[in-house]
Every structure is written in structure tokens, then in C-alpha cells.
S.K.: 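Below: one structure in C-alpha cells.
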There are 2 protein chains.
Amino acid sequence: MSSSPLTGDDLLRTLATLANPHRLRVVAALTERRRYVSELARELGISRALLQLHLKKLESAGLVSGHLELSDDGKAMKYYEVTDFAVELTPRTVAAAARTLSDRDGKEGETGR
Amino acid sequence: MSSSPLTGDDLLRTLATLANPHRLRVVAALTERRRYVSELARELGISRALLQLHLKKLESAGLVSGHLELSDDGKAMKYYEVTDFAVELTPRTVAAAARTLSDRDGKEGETGR
DNA sequence: GTCACCTGCTAGTTTTTCTTGGCATGTGCA
DNA sequence: TGCACATGCCAAGAAAAACTAGCAGGTGAC
């Protein structure tokens, strides 16, 4: 329930992260219940390498989180679950966030954040 | 106030469109008041060609709309203003949208739009 | 030992998006 | 006529994101 208005850069990262069909499906699947990487890859019909890349992006954006666990038979499984994010997108919220964007394209390191 | 849940493809388009610092600033500026292209380009400090491209994307995503008008001195000015969009981003809304995604990467032409 | 299943990383290609620069059109004004 | 400002579009290069393929390590079971 982090409905606290994000900074422009965070909003940008969140939007860019969600703006991908695979990642949207990943979030959808994990919303149902948590899953481990290989399981999810099979379910979505994409390669593990690709999925890991998407999971990495989702995780750095704080939308999902992964935890390494040992299954009963001793195998290492990395389980992922969704974070309880909440972002409201309206002209006002976007305008507010835009004002805190770090200079040019987010290259410059600003005070914000 | 179109808080009606978008289809997966529409959500994807909306997210992809907003996931850009220039477009975020454009929305922010237009939220204040409407503006014509050249005016906005000067204000944001970007080239007109670039801005037009961003405006085109924003418009096809339905986030802004432009109207050609004739100024008092007979010049053609294209004024843009923001649309009153509203999108809620939470695991549930994302999951719901993901289920309506057109097959592979949205390449397939579906019924929607 | 060999197979099946789990994780993680990286180099390199392909694809998409972003940007720039130039060119064309039209109006009013000195 | 030449200048200032408006619009629109396109070709081509630059940059960023997506994806593939391959290799590494580890455990349990037959």
C-alpha cells in the first residue's frame, strides 16, 4: 500500500518495467501465488534466461521479490512473489512526478529520491 | 474518468507511452494549460520534430488530444491538451489486464481498437 | 556414472525506440 | 522580396531494450 507519490524517476522506472507483455504476465502469475523460476518459465513458455532477465528488472523496480529456498529434496529453488504496489496514474499524479525528474533523461544524479 | 479497466494491450500502450521522461514532461505541461507545438518545444527545450513524435505517441495512446486552430493573425496553431485519464496500477489490475493480452507480444491484430 | 532438475551469468545478435537534420507548405509584416 | 513563425513528414544514424545460445555449478535418483 505504498500509494505515496513516487519520485519522477521511480515512476519512470515502474512504468518502463511494467511496459512489457512478458513482465505483465509474470506479475499476473505471481499475483495468483508465488513460483520458482523454472516453473514460471515453463508456464509462460519462455526461456529461463529471458525470464530471469525480466525478473531481475521487476525486482529492481521493487515490483516483485525473490527468495532462495531449499526444497524438501535439497534442491535450491528461487521463489518469487509480487510486492503489494499501488500507483495511480492521472494527469495530476503524472505532472507532480514529472517535476521531480532528474535533469536530462535521468542521466544526471540529482538531489531528489 | 475512464477508470474502467483497460485491456491488456491498451494498458501496455499506456505504460509504454508514459515511460519516457519527455512525454511525462509533456503531460505535466499540458496539465497546466493547453499549448501549441512550437511553444511547448521551446518550453521543454527539445526540437519540434522530436516533440511532434512524442505528441503523436501520446495522442495515439489517447492521453492527449490536439486541435488545429487559426490564431488572430491567421497562423495555423496546433493546440494540445491532456485527456482526463485514470489508471490504477496494482497487482490485481495488472493481473486482470494481463489475461486479455493478445498473444505474442501484441503483434497479432486483435479486435480491440 | 548418467540423467533430470535447480540456479546463475555472459557474450553477441536482433529489434525497437529515440533523435537529429533537412526539406516543404503557408501566413503576416517591414 | 526576405524574414519570422507555424505545421508536417521522412531518411538515417545512435542508443537502448529484448532475446538467444552456451557454459558454469549443485543435488537426488536409477
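What's counted below: heavy atoms across the whole structure, side chains too, no hydrogens, waters or symmetry copies. Keep in mind that this is a model prediction, so the values were computed, not measured. Throughout, protein chains are lettered first and strands after them, A, B, ... in sequence-line order, and every chain is numbered starting at 1.
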S.K.: With a cut-off of less than 4.0 Å, is there a side-chain N or O of Y36(B) near OP1 or OP2 of dA6(D)?
M.R.: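 It does, given that an N or O in the side chain of Y36(B) lies less than 4.0 Å from OP1 or OP2 of dA6(D).
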S.K.: In terms of hydrophobic clusters joined by side-chain contacts under 4.5 Å, are L30(B) and Y79(B) together?
M.R.: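 In one cluster: no.
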S.K.: Nearest to the K56(B) side chain among dA18(D), dC9(D), dC18(C), which nucleotide is it?
M.R.: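 The listed nucleotide nearest to K56(B)'s side chain is dC9(D).
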S.K.: OP1, OP2 of dA6(D) versus side-chain N and O of S38(B): anything below 4.0 Å?
M.R.: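 Yes, S38(B) has a side-chain N/O under 4.0 Å of OP1/OP2 on dA6(D).
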S.K.: Any sub-3.5 Å donor-acceptor pair from T100(A)'s side-chain atoms to G8(A)'s backbone N or O?
M.R.: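 Judged by distance alone, yes, a pair lies under 3.5 Å.
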S.K.: Any donor-acceptor pair under 3.5 Å linking the side-chain atoms of D9(B) with those of T7(B)?
M.R.: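 On atom types as modelled, these side chains do not qualify, holding no pair under 3.5 Å.
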S.K.: Within this structure, what is the CZ-to-P distance between R23(B) and dT19(C), rounded to whole angstrom?
M.R.: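 The answer, rounded to whole Å, is 8 Å.
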S.K.: Do the side-chain N or O atoms of K57(A) get closer than 4.0 angstrom to the phosphate oxygens (OP1, OP2) of dA17(D)?
M.R.: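 No, K57(A) has no side-chain N/O under 4.0 Å of OP1/OP2 on dA17(D).
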S.K.: So does T93(A) get a backbone contact from the side chain of E88(A), meaning a donor-acceptor N/O pair under 3.5 Å?
M.R.: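 No, the answer is negative, given that no donor and acceptor are paired below the 3.5 Å cut-off.
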S.K.: If I take atom CG from residue L18(A) and atom CG from residue L12(B), how far apart are they, to the nearest 0.5 angstrom?
M.R.: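 One finds 9.5 Å between CG of L18(A) and CG of L12(B).
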S.K.: Produce a footprint string for nucleotides 25-30 of chain D: one letter per nucleotide, 5' end first; B if the base is under 4.0 Å from any protein heavy atom, S if only the sugar-phosphate is, - if neither.
M.R.: --BS--
S.K.: Which nucleotide sits closest to the side chain of R42(B): dA6(D), dC6(C), dT20(C)?
M.R.: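 Nucleotide nearest to R42(B)'s side chain: dA6(D).
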S.K.: Distance check: side-chain N/O of N20(B) vs OP1/OP2 of dT17(C), anything under 4.0 Å?
M.R.: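 So the side chain of N20(B) is outside the cut-off, no N or O lying under 4.0 Å from OP1 or OP2 of dT17(C).
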S.K.: Identify whether the distance between the nearest side-chain nitrogen and carboxylate oxygen of R99(A) and E32(B) falls below 4.0 Å.
M.R.: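 Not counted as a salt bridge, because no side-chain N and carboxylate O are separated by less than 4.0 Å.
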S.K.: Scan R23(B), H22(B), R25(B) and name whichever one has a side-chain hydrogen bond (donor to acceptor under 3.5 Å, both in side chains) with H54(B).
M.R.: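 Checked R23(B), H22(B), R25(B) against H54(B); only one passes side-chain hydrogen bond (donor to acceptor under 3.5 Å, both in side chains): R23(B).
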S.K.: Pick base, sugar-phosphate or nothing for L70(B), based on heavy-atom distances below 4.0 Å to the nucleic acid.
M.R.: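 Nothing: the residue L70(B), judged by heavy atoms under 4.0 Å, touches no strand.
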S.K.: Could you work out which one of dT19(C), dT20(C), dT7(C) sits closest to the side chain of S47(B)?
M.R.: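 Nucleotide nearest to S47(B)'s side chain: dT20(C).
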S.K.: Is H54(A) close enough to dC19(D) that one of its side-chain N or O atoms is under 4.0 Å from OP1 or OP2 there?
M.R.: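 True: H54(A) side-chain N/O within range (under 4.0 Å) of dC19(D) OP1/OP2.
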S.K.: Base, sugar-phosphate or nothing for A49(B)? Non-hydrogen atoms, less than 4.0 Å.
M.R.: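 Base contact.
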S.K.: When you check the phosphate oxygens OP1 and OP2 of dC5(D), does a side-chain N or O of R48(B) lie under 4.0 Å from one of them?
M.R.: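 No.
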S.K.: Please tell me which of the listed nucleotides, dA18(D), dG8(D), dT19(C), lies nearest to the side chain of Q52(B)?
M.R.: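 Selected nucleotide (nearest to the side chain): dG8(D).
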